[in-house]
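Here's the structure we're looking at; comments come further down.
Chain identifiers are assigned alphabetically (A, B, ...) following the order of the sequence lines, protein sequences preceding nucleic acid strands; residue numbering begins at 1 within each chain.
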Amino acid sequence: MYSKLKKEITESIEEALTKMRIKIDEEIVLEEPPNPEMGDISSNIAFSLAGKLKKSPVEIAEEIKNHIKLPLYFEKVETKGPYINFFINYTLFSTKMVNYIDKRYGELPEQDETILLEHTSANPNGPLHVGHLRNAILGDSLKRVLQHAGYKVESQYYVNDMGRQIAIIVWGRKKFGFEFDDHKKIDHAVGEVYFKCNQELEKNPEYNKEIDEILHKYEDGDDQKLIDSFELVVENCLDGIKQTLKDLNIRMNLYKWESTFLRNGSVDKVLEKLQPFTIKRDVLYLPLEKYDVDKELVLRRSNGTSLYATRDLAYHQYKTKNSDISLDILGADHKLAAKQLSLALELSGNRAPEVVFYEFINLPEGSMSTRRGVFISVDEFIEQATQHAKDELLERDMDLTDSEIENIAQIIGVGSVRFYINQISPEKPITFKWEEALNFERGCASIQYAHARACKLLSKSDFDEYDDVKCDYELENEEKVLIKELSRFTEIIRQAAKERRVHHLTEYTLTLSKAFNKFYKSQQVIGSEHEQFRLTLVDASRITLKNSLKLLGIKAPEFM
RNA sequence: GGGCCUGUAGCCUAGCCUGGAUAGGGUGUUGGACUUCUAAUCCAAAGACCGUGGGUUCAAAUCCCACCAGGUCCGCCA
């Protein structure tokens, strides 16, 4: 609705300018005045016309104001210096808003395009750690936003089963008899073996030859026993990872194994298409200096085996065929590789993916590494966050059963984990500190709390949707602010979907909950003479809060 | 050395694409509000030469250039 308000203002300004016989080329940009007393929406068009008309902006603003026909939902327009400020007619607008918001609020019209969104795709050589977390949460939240914005989205996890990492584990299990510890969650047990193998490798780098050999054999695909042992490692580890993803409210549509593309011949097909552009020395490579990339892309090793990039090329060819948009979530360290991949895809007649990059999450003492066994696992992070929430719940002594406490603590804990990641722009590096990550006040919990408060109010009053509620009084400031925030929801989703940036929504949800909490604190709902309207407003807030949280992959408890 | 990213109160962060009014939040600090729909809340105070220097502009956190600091990439790893 907010964008509709803006559109109406834009049109009325254009109309005024036409009356004044002024033509403009640029788009009319609207903004929000710094203070509600100055109005709700404003235009600074007078500035840009000043040079052209050789008049002072103040004069121009005044003149435009005098020609303006007040749009619907507005009650006043005035100038303040060079600014033209519009005031919303809240009585009218609020009536419209509260009746407009229903449980599908924020959904945009269906789009024709399907998006194949690849995210997480962590190597199955250990549990997900906090570094992977950013990929998973950014990816899943983006999926939710894009779906809400009308796209058909399929999420895929690209399973890297042909990597050196897996070969190392297979090798270590055979050579040293390392076994997965039954007492541990399986992905953690795999990670532990991986760590031990690497210690052996470090002691004796000669072993690397044995690993190359294993890798070569796996690629040949003749040794069924070897294939089985690769699959055992990968499947086991993946089981653990899937559990973690489930805990995070993430469901993948498909797990696509890297080896598929080698075994079904599509790797060879891509290489054929690229053949005119490649050079064969001892390796097969694609030179890219022409395209401003200094580093050539190696497609086959001198021993004839393929590389990650080769198989990824085949995977992206599959994406080209099976979707309209390929969207990848990648760490910023993959920027060069992604550029090479994109060029190779275009040369082979395929589509380059859109990529959302994010910077690393490091520990204060340095980067995380599964190989060195230095990392904080996502499981541990969730556990700590949940424990923190549980302590808080117990302290409030709310007469809940044990299972209710467990359940709500989990919802709050996971929510805070997701919120923590979503709140920070992806291009910003994060140094992970427990005290910051576990600090929920004013974060996710305050949003969930606002939602729970709304639910409680509605249940206490036996609220049952009223038809055609009318606002027939001068609203309090807190109500106006809340209404305005509610109306911005759709525009935020549109923007987040378009920019592929979820964190606008995080910011919005926080602002909305703050507006609701202020309203709640300052205005009586039940028993007030405006009870009917206010309850409807509470319900509209409840829905919008719930939908916003849902898009962030966060559950909204009805009490806490 | 070259490419990319980041630099906003003690700490964390939004705003930068698309330049406009007093740089928005949070945390921490100080003070205040539960006989009133849940105080994970609300109110108030203090705290910012927007990394530095130049430029463009009526107007720069925002655009351009240079520099400084941190991160990252430049594997026949993934």
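At G15(B), one or more side-chain N or O atoms of H503(A) fall inside 4.0 Å of OP1 or OP2 (strictly under the cut-off). Residue K339(A) has no polar side-chain atom (N or O) positioned under 4.0 Å from OP1 or OP2 of C73(B). Note on R453(A): every side-chain N or O is 4.0 Å or more away from OP1 and OP2 of A40(B). A sub-4.0 Å separation between OP1 or OP2 of A14(B) and a side-chain N or O of S425(A) is present. Considering only side-chain N and O atoms, K295(A) lies nowhere under 4.0 angstrom from the phosphate OP1 or OP2 of G3(B). Regarding contacts with the backbone of A40(B), a side-chain N or O of R396(A) is found under 4.0 angstrom from either OP1 or OP2.
Contacts of N123(A) with the nucleic acid, taken as non-hydrogen atoms under 4.0 Å apart, involve only primed sugar atoms and P, OP1 or OP2. Residue-level contact check: V29(A) touches neither bases nor backbone, having no heavy atom under 4.0 Å from any strand. Within 4.0 Å (heavy atoms only), A452(A) reaches at least one base atom of the nucleic acid. Within 4.0 Å (heavy atoms only), F357(A) reaches no atom of the nucleic acid at all. At the heavy-atom level, Y520(A) lies under 4.0 Å from base atoms of the strands shown. Within 4.0 Å of E427(A), counting heavy atoms only, lie sugar-phosphate atoms of the nucleic acid but no base atom. Here L307(A) lies in heavy-atom contact (under 4.0 Å) with sugar-phosphate atoms only.
Put simply, the side chain of N303(A) and the base of C76(B) share no donor and acceptor less than 3.5 Å apart. Side chain K521(A) to base U41(B): a donor-acceptor pair is found below 3.5 Å. One N or O donor and one acceptor, one from the side chain of N85(A) and one from the base of A21(B), sit under 3.5 Å apart. With hydrogens and angles ignored, a donor-acceptor pair closer than 3.5 Å exists between the side chain of S42(A) and the base of A21(B).
For D333(A), taking side-chain heavy atoms from C-beta onward, the closest of the listed nucleotides A21(B), C76(B), U72(B) is U72(B).
Applying ring-ring contact (aromatic ring centres under 6.0 Å, His included) to F230(A) and the options W257(A), W171(A), Y218(A) leaves one that passes, Y218(A).
As rounded to whole Å, 17 Å separates atom P of G10(B) from atom CD of E435(A).
Atom CD of E558(A) sits in a sparse spot, with 12 or fewer heavy atoms from other residues, nucleotides or ligands closer than 6.0 Å.
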